[in-house]
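To start, the structure itself, in structure tokens.
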Amino acid sequence: MKEQLIFQQSKKGRRVNSLKLDIGDSFSISKDKLRETPLGFAEVSELQVVRHFTRLSQQNFSIDTNFYPLGSCTMKYNPRACNKLALNPDFLSRHPYRGETNSQGVLECLYNLQSILEVVTGMDQVSLTPMAGAQGELAGVAMILAYHKKRGETHRNEIIVPDGAHGTNPATAIMCGCKVIELPTDKNGNLDIALLKDAVGPNTAGIMLTNPSTLGTFEQGIGEISSIVHDAGGLMYYDGANLNAILGKVLPASMGFDVMHINLHKTFATPHGGGGPGSGAVAVNEKLKPFIPLPVVTKTDDKYRWANTDDFPDSIGKLSAFMGNVGVLLRAYVYARMLGGEGMTEVSNFSTLNANYLMKKLQKNGFKLAYPGRRASHEFAISLKEITKETGATAMDVAKALLDYGFHAPTTYFPLLIPECLLIEPTETESKETLDAFVDAMTDIKARFVSDIDGIKSSPNTLALTRLDDVKAVKELNVRFG
Amino acid sequence: MKEQLIFQQSKKGRRVNSLKLDIGDSFSISKDKLRETPLGFAEVSELQVVRHFTRLSQQNFSIDTNFYPLGSCTMKYNPRACNKLALNPDFLSRHPYRGETNSQGVLECLYNLQSILEVVTGMDQVSLTPMAGAQGELAGVAMILAYHKKRGETHRNEIIVPDGAHGTNPATAIMCGCKVIELPTDKNGNLDIALLKDAVGPNTAGIMLTNPSTLGTFEQGIGEISSIVHDAGGLMYYDGANLNAILGKVLPASMGFDVMHINLHKTFATPHGGGGPGSGAVAVNEKLKPFIPLPVVTKTDDKYRWANTDDFPDSIGKLSAFMGNVGVLLRAYVYARMLGGEGMTEVSNFSTLNANYLMKKLQKNGFKLAYPGRRASHEFAISLKEITKETGATAMDVAKALLDYGFHAPTTYFPLLIPECLLIEPTETESKETLDAFVDAMTDIKARFVSDIDGIKSSPNTLALTRLDDVKAVKELNVRFG
Amino acid sequence: MSFIPHTKEDIATMLAEIGISDIEALYDEIPDEFKIGTLEGIPSAANEMEVVREITALAAKDKFGLNFIGAGAYEHFIPSVVWELTTRGEFYTAYTPYQAEASQGTLQLIYEYQSMMSNLMAHDISNASLYDGASSLAEAILMAIRVNRTKDSKKIIMPRNLHPSYKAVAESITTKQGVELIDIEFNPADGLINTQDLDSHSDATALVIQNPNFFGSLENVDGLTDWAHSQNIIVIAVVNPIAMALLKPPGIWGERGADIACGEGQPLGVPLSSGGPYYGFMTTRGEFSRQLPGRIVGKTLDSNGNEGFVLTLQAREQHIRRSKATSNICTNQGLMVTASTMYMSLYGEQGLVDVAKSCHSKLNEFITAIKNLKGIEVLFDSERFHEVAICMPKSSKKIIEYMESHGISPGLDLSLYFPELENTVLACVTEVKTTEDIQAYVSLLEEALEVIE
Amino acid sequence: MSFIPHTKEDIATMLAEIGISDIEALYDEIPDEFKIGTLEGIPSAANEMEVVREITALAAKDKFGLNFIGAGAYEHFIPSVVWELTTRGEFYTAYTPYQAEASQGTLQLIYEYQSMMSNLMAHDISNASLYDGASSLAEAILMAIRVNRTKDSKKIIMPRNLHPSYKAVAESITTKQGVELIDIEFNPADGLINTQDLDSHSDATALVIQNPNFFGSLENVDGLTDWAHSQNIIVIAVVNPIAMALLKPPGIWGERGADIACGEGQPLGVPLSSGGPYYGFMTTRGEFSRQLPGRIVGKTLDSNGNEGFVLTLQAREQHIRRSKATSNICTNQGLMVTASTMYMSLYGEQGLVDVAKSCHSKLNEFITAIKNLKGIEVLFDSERFHEVAICMPKSSKKIIEYMESHGISPGLDLSLYFPELENTVLACVTEVKTTEDIQAYVSLLEEALEVIE
Ligand SMILES: Cc1ncc(COP(=O)(O)O)c(C=O)c1O
Ligand SMILES: Cc1ncc(COP(=O)(O)O)c(C=O)c1O
């Protein structure tokens, strides 16, 4: 049943009575400063609010209700204990400016999380402040630039990214005032090393790489890449979006990376919340340690305290008004405590096992892998190019058709270099039964490319709405009620 | 999508790893005492559990998602604050046998709730221990019998109930070893006073009445009834299921009742929880105070304490291992604190307004009221007798058809004396818009009795399942998996 | 401040539709003598903000340290999932699932609960819950009388090592129907039922066996059951569901198994919460299905042949059978069962066994630690689960007061219920206690023994 | 102990299907030199029970009394509904709503949020959130540069009475692109922007106006806006959303309204939580829609003509435009917006006005109470909201330490950010404070002033 907008449920003068307040009688603001227009809020009862948002929630797919094999997003189970503990009122009520003495609990959690992330990255210092992967990237590139600047090499302003890179990589480089040099991928999914050699030079600030890459394969030339970039005076940035694939198996530092971010909302199972908040903690080696963004927690004489600019005089500064997404960090810490080192290795082992199993079964059932000769990392790409040519069914069609089977769609059309791409990441928390059911659905959809192409093209057909018109949304922009 | 049984999702050897325990090594139970058979539990992961029960929950109608005009059940909004506060860990972790000194918080809440209920009932003593209305009734009848016994009148063992009474009334009387005398209702929905006069006598223990009655009308002869019963030496039991209709307007004590229960899960907005827990607190006047069930909270020198058998030597005793449904009582107390006296009067005023408005509109739209000459209390009864005769559509059909409109069904076939009865209770927390939408749905359904009787007869048609076969369920009893 | 959504305009429109001019007129059928003007004497309304602060402050008064009391209510770890999902509005605010098609969530969940609970008890059928452990025993007694067609008697043998409150509740509820509850003693040496006393009560209708018994001792359930059956006595098992993961379940006690099992469901995922809401469970053999009190969910088909669930055997219940019902129960403890079903699902086959084993071995650790204290005597030489009775060299009342004022509840004062067990405390240890907790208990008890005269 | 569901049998079957004999073989493409054997140095796994106890104990270390700090993060009452619903799995564990048909819940909610937020700011369009207030200002600055086609300059006027961390963040984020942030002073007397300094910066591209400003003083927003517009300077309003229920909203500042509004969304239903997660909001006039950074939800139709919602104007974003995007932001703060949308719905039209009024009058009550203390000086003679700067006769550092050690945070030490404001504390009062709370502050401060040398 269609749920009306909350504004359509509004009636003048209605309100939640139990939220009425004594507004006092001491008023001292002059009329010209006051608001005269209504707020334009809905006027509804508490029951209406509860019913409205409960019903709305039921219109979402989510990890808690559906398999969600969204490549590059690591939609693994978000343990409820993490949520419950992070919502402890003693954590929630702490003002960010409260003094350290009365904040040792949260400081200890953050300090310990920093230490854990230092271990799993092999890096020397972590800062937890970036609020998402993209902000971690920004911090990372800023540190790279600060490093070069400190060495008097302000001209180094070129950031190299592979063509399969996530959009945030080039966008970040630009936000940092850099030039972006995009390098192509070879037919095996590796970076074209010859072209890299051409690309590096005196202006190279660094390279941004995801490894395993966004293609779902391990960048095999990583050792050589590292030498080339470093020899050219550049630094290596690791986009940690795919850390789940190698957690506890490969330390990014050991592959030659100098700086990286970790999407805690991926690898450390914090919720995606319908679009965030995430956390993009950054980790750096000794070279970049002086430049780490603040705040960072440190420990002196058994007391936890905020590091300051005396500790890190070359810090690139602050990225948020306070300390980033502390509530997300607490969830990640709880998760890390439950996993331990062994559990972390299990994460990569089983996310990789699930991906390779699913890849093999889909291949057996006639789907074409983008890189058939390669192992999957924790994800893999399928290309529907041929199918699209033969039947007209596109990656988008498959995505929408899957919704009718109760599965969220994989990532579509990313990486862009793979035509009609489905990037599939099952994660370690899904069972073999679920993977098998997904294969059955995909196989059934594939059969319907021939037997029921109209049904596929018009899918989804079992949800509250059918396919939505994106073009109309742009053309007839309507972004608010009324 | 059909959700499989959790057992069908089980796989041998799977478990929630984060719940693994150190089981120690000190074991001292002999083999012949040990269990040898498996528990027969499902073996699933935490994600499977979360997904399963989240999906199951979505298959329910509930107040939080649907209008729920279930007569006699008072399905009003259950404020979330009540839940949140009752789940305070300091409340949840208190063992029932912890000493009073370290329990003053919860004792104060319970004491205050007792006092509030004493005020709204006009009674002299409340005991919060009964765990639902039916247990309150049991306590009440037991107190009546104890009273008579104390006066040497052990022969008084007849309990009078009107034919419209809720099933728990006669069932309770029987559980107390009494004889039940059922009295008919007159055409206006009042108890037949002449017959009552005949029915009372030296063996009368008491009468059990709901007022407003289960027919949705106020028992107008209540003053006379009280005199008749009291003159015969009997006592008056008030079934408080309908207290919502008169909260803060009429005190049951002033109508002559000696003892009563209050369904806190109705009038005091505690959740129904898919069938419970409720609370059936009892309230008594001075006559019955000595017999009140324990525990009761009392106060001595500013310290709250449990009353004991020194305080109430004639108590009918205990009804639960500990203190009844404390968590429910806390929710009721929070609700009472938010309402205050004024809010309580609003409850009855607006539940009555909603019921009378809805009654009028349905009547206008061609539905036959069971008692057309009467005001509705907070609920009213419709009889579909004529419609059934004309079209074949029954109260059950209307109930099922309403589900397709997103409304929960009213209570059907209760009270039994009204043929093809729908007992409709909108409650005060529903908006006029919702009532109007309900009238529209009912009117539409009525039109379909003629135009689409098959659709009505086969409804619901939009839910996951169509009409379920109750008879088969009894005949081929299947009450467990495997 | 009630939760009404009505605007002034709504009220006016609605009154006009009804044809009256004010709400008061709706009460015109009620004789004035019964009406009050305003309600006096209720604390005035507080907004949510004020109430949150007030109630949180009250709760904080009860903040406490370590609890070592069991005695019918057990502190087990409850996984976070349980209550985060149980309080979802769709479970929390649904009514009893009478409209089956709109209640498949609750119905399927109860069906799963019934399956787990009957499996756990090794019985054929479970109901959907009763109020609590104690009242479930009262219902079991009434049921036993109904099903025992071989006996006219309403005598029920109630060993004194049964939870004293269960006895008290059974008395309040059943004796009005002429039920006679007969005490039999326990052996002072091992706390177990004194079997010699049994033979003189072979005319009884039912024998109640609590296992582990109130003192935590494990009864000889096979022998007791076989004796009872040889006398045509119905066996009612009162058991702790967590213990049943480890111990022989009622359905296979003796040759034929206990006839009815009941008890407190709280240990399975329900917080201590001052004693409630908990829930009573009850299971039995198939032949007695129609005498089981309380709601029961059954599987069936819809008109398209799809599987679904409904409340079934309703002809046992008060809303259909009225004065002939098996019980007067209506509202039960559905939400608690919701929590328990999740709890059992999370722990699963092996997990619950491990919880039970951990409880047992930590109790042993506790006993070893406490035994060494001077003047302390561990009572009842028996195999144990959950509980142990400790006889103190000083006033148990004072010890409890002292220890509670220092943040540890040492156990229940048994002398309150058993005059012969002077200065005896019933302590409970579950899987939540660490070695440090046990050490804290021992140290504080040592201190108490020194300080107290 | 990870959350994997695999049984031994599963693993064997899966490996067989892949055609390998152990999981290690899946890594055969990774050069050995990069692999580690086992991960050392991570605290070993703890089960949920242990972790709950450990983390709860850590949280308890931070248990605290009364907070009177604001300074960008405000303690408001959050109705219980908000987080009970926000953490429903369907909101909590959904991804960004790229698959619109499977995400209508989140999408409709964001559309409602955008409507409320743009109404509140009196602007045409709102995005779906940015990271936090400070970073939203950085994004607003970059946007201002994009939209101001009349100026080549990248100079931005940043009054010193802007939140100092906002300035710091803007510096970290924007200056690499050549943006120049220009300080201008505030008047010592009233704390307001020194307008005389403005004229020398008429070449700037944008002027940032925080209102209420960092000190809680209300700026002359109309005059400032009109001046800026007269110089073709874009006006960026940094505002507190709760204050906007009472004060003139950015969209109607001056003749033409501020061009961009941004700020911290936290006051609308998000807990203090040590500073995050919060969210940044941003609204603007319609003509600038395509320069707005962050996600935006639009209404459209499905193929059957039913209304629905999608992410729109995606051509602004990094996943489509890559290096030409309006911002690099991808993940935003969706769940916080979920909470805020509920918060705004619950308070509604009048409720939020009342919250603001209550904050204001309680601040006045506080000022009246504090004024009488000897040696105390209330700084900045201006109209106020939320905050007040108090100059202390003794070390502000010591006063804060003393008062915090006695359970009250008296405010932020302004001297840390403004050397000229020695011994000055910025205190904040919202609707959650009672007269007793204010009294407790006054008494403790009195005590502190006595005790401290
Ligand atoms: C490969 C890759 N890099 C970077 C990001 C950006 O991270 P965030 O969304 O946390 O900003 C993502 C997010 O999806 C990603 O998949
Ligand atoms: C009129 C009436 N009396 C008694 C009861 C029994 O109350 P409970 O279900 O709380 O046992 C009900 C419950 O529906 C009722 O409607």
Side-chain angles (χ1 to χ4, degrees), chain B residues 1 3 6 8-24 42-60 62-65 77-90 92-93 269-271 330-331 334-335 337-338 429 431, chain D residues 1-14 43-60 62-63 76-94 101-102 104-105 108 269 271 338-339 342-343 345-348 351 432:
Chain B
M1 221 153 290
E3 178 67 10
I6 190 126
Q8 295 167 320
Q9 302 178 38
S10 174
K11 194 176 264 177
K12 200 167 166 44
R14 182 154 52 204
R15 58 192 294 193
V16 177
N17 301 314
S18 56
L19 294 178
K20 280 185 184 160
L21 280 171
D22 173 13
I23 55 167
E43 301 182 68
V44 288
S45 71
E46 186 164 317
L47 172 56
Q48 286 179 298
V49 172
V50 167
R51 212 171 261 170
H52 177 64
F53 290 104
T54 304
R55 287 175 177 173
L56 280 189
S57 77
Q58 292 185 347
Q59 296 180 20
N60 274 357
S62 65
I63 302 173
D64 277 9
T65 49
Y77 173 58
N78 305 149
R80 278 276 145 184
C82 304
N83 182 52
K84 199 178 167 196
L85 290 172
L87 293 180
N88 185 308
D90 294 331
L92 291 186
S93 61
T270 70
L330 290 172
R331 285 170 173 82
V334 173
Y335 179 71
R337 285 296 296 117
M338 290 198 283
T429 58
S431 67
Chain D
M1 304 195 215
S2 65
F3 290 83
I4 57 165
H6 300 70
T7 66
K8 279 195 190 129
E9 201 186 58
D10 287 336
I11 300 170
T13 317
M14 293 169 81
S44 62
N47 64 30
E48 186 182 334
M49 178 174 83
E50 292 157 350
V51 173
V52 166
R53 195 157 167 177
E54 176 182 315
I55 304 289
T56 307
L58 285 172
D62 296 355
K63 191 170 284 307
H76 291 286
F77 176 69
I78 304 175
S80 309
V81 167
V82 175
W83 284 92
E84 295 240 331
L85 293 192
T86 297
T87 53
R88 282 174 62 84
E90 299 95 319
F91 287 134
Y92 187 76
T93 72
E101 298 82 3
Q104 284 300 301
Q108 180 170 335
T338 305
M342 293 183 201
Y343 179 92
S345 302
L346 285 163
Y347 276 105
V432 302

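Just so we're clear, the structure is a prediction, and the values are computed from it rather than from any experiment. In what follows, every chain begins at residue 1, and chains take the letters A, B, ... in the order their sequences are listed.
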For this session: For side-chain contact (heavy atoms from CB on, under 4.5 Å), just list the numbers for K12(B) and T7(D), CA-CA rounded to whole Å, side-chain angles, deciding distance to a tenth of an Å, and then say yes or no.
Result: CA-CA 7 Å; K12(B) 200 167 166 44; T7(D) 66; over 6 Å; no
For this session: Evaluate whether atom CD of E9(D) has more than 12 neighbouring non-hydrogen atoms of other residues, nucleotides or ligands under 6.0 angstrom away.
Result: no
Problem set entry | Nearest-0.5 Å distance that lies between atom CG in L346(D) and atom CZ in R80(B) | 12.5 Å
For this session: For side-chain contact (heavy atoms from CB on, under 4.5 Å), just list the numbers for K20(B) and N47(D), CA-CA rounded to whole Å, side-chain angles, deciding distance to a tenth of an Å, and then say yes or no.
Result: CA-CA 6 Å; K20(B) 280 185 184 160; N47(D) 64 30; 5.6 Å; no
For this session: Measure the CD-CG distance between E50(D) and L21(B) for me, rounded to the nearest 0.5 Å.
Result: 8.0 Å
Problem set entry | Heavy-atom pair of closest approach, residues S80(D) and A81(B) | OG-CA, 3.2 Å
Exercise. Does any heavy atom of chain B fall under 4.5 Å from the side chain of I4(D), the backbone, both, or neither of them?
Worked result: both
Exercise. Under a 4.5 Å heavy-atom cutoff, which of E48(D), E84(D), E90(D) has the most pairs with chain B?
Worked result: E84(D)
Problem set entry | From CA spacing to verdict: side-chain contact (heavy atoms from CB on, under 4.5 Å), S18(B), F3(D) | CA-CA 7 Å; S18(B) 56; F3(D) 290 83; 3.4 Å; yes
Exercise. Among Q58(B), E46(B), K11(B), E43(B), which residue forms the greatest number of heavy-atom pairs with chain D at distances under 4.5 Å?
Worked result: K11(B)
